[in-house]
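For the single chain, residues carry numbers from 1 onward in sequence order. Counting convention: from 1, in listed order, for ligands and their atoms alike.
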Amino acid sequence: MTGKVTKGSCLCGAVAFDLHGPLRPVYACHCKQCRKTSGHFWAATSVPDEALTFTRDEGLRWFRSSENTKRGFCGTCGSSLFWVPEGERRTVVAAGALEGELELQTKAHVFMCDKGSYYEIGDGLPQFEEFKGDENA
Ligand SMILES: [Zn+2]
Ligand SMILES: [Zn+2]
């Protein structure tokens, strides 16, 4: 793989990975599943499968969150790391797991239909009731 490498890991380090090349802008998802898995709402980028390589994966566990999706997390520390829409050949990666100064920016809030009632979004970014993103986002 060539290009810029962005490093990421779980809290305890039992899952560590590299993302190769450009990253999709971050979407903040307020759907019920993302709220449950993250404890608030979930902000994530997305990469093609070939752009994700693991340097440690002994902690990696998968949970089937719906018929065609699964979520990856660390079985040791519980960090919520990945969401995979099967058949799309890409992995959605938690922005909070990434290291260092990122060039990433958040682009929009999605699934506002499920947003929690205990917070307001005041950052001026677009808000969508469901998902509306880039092609292959
Ligand atoms: Zn961990
Ligand atoms: Zn979601």
**OP:** Would you check if the distance from the ring center of H40 to the ring center of Y119 is below 6.0 Å?
**Re:** yes
Subject >> SG (C34) - the Zn ion (ligand 2) - SG (C29) angle, nearest 10° >> reply: 120°
Original post:
Are there more than 12 heavy atoms of other residues, nucleotides or ligands under 6.0 Å from atom NZ of K70?
Top reply: yes
**OP:** Round to 10° and report the angle made at the Zn ion (ligand 1) by SG of C10 and SG of C12.
**Re:** 110°
Original post:
Are the side chain of R64 and the backbone N or O of E67 linked by a donor-acceptor pair below 3.5 Å?
Top reply: yes
Original post:
Is the Zn ion (ligand 2) under 2.8 Å from any N, O or S atom of H30?
Top reply: no
Original post:
Who passes side chain to side chain contact (heavy atoms under 4.5 Å, CB included) against E99, sequence neighbours left out?
Top reply: K7, S9
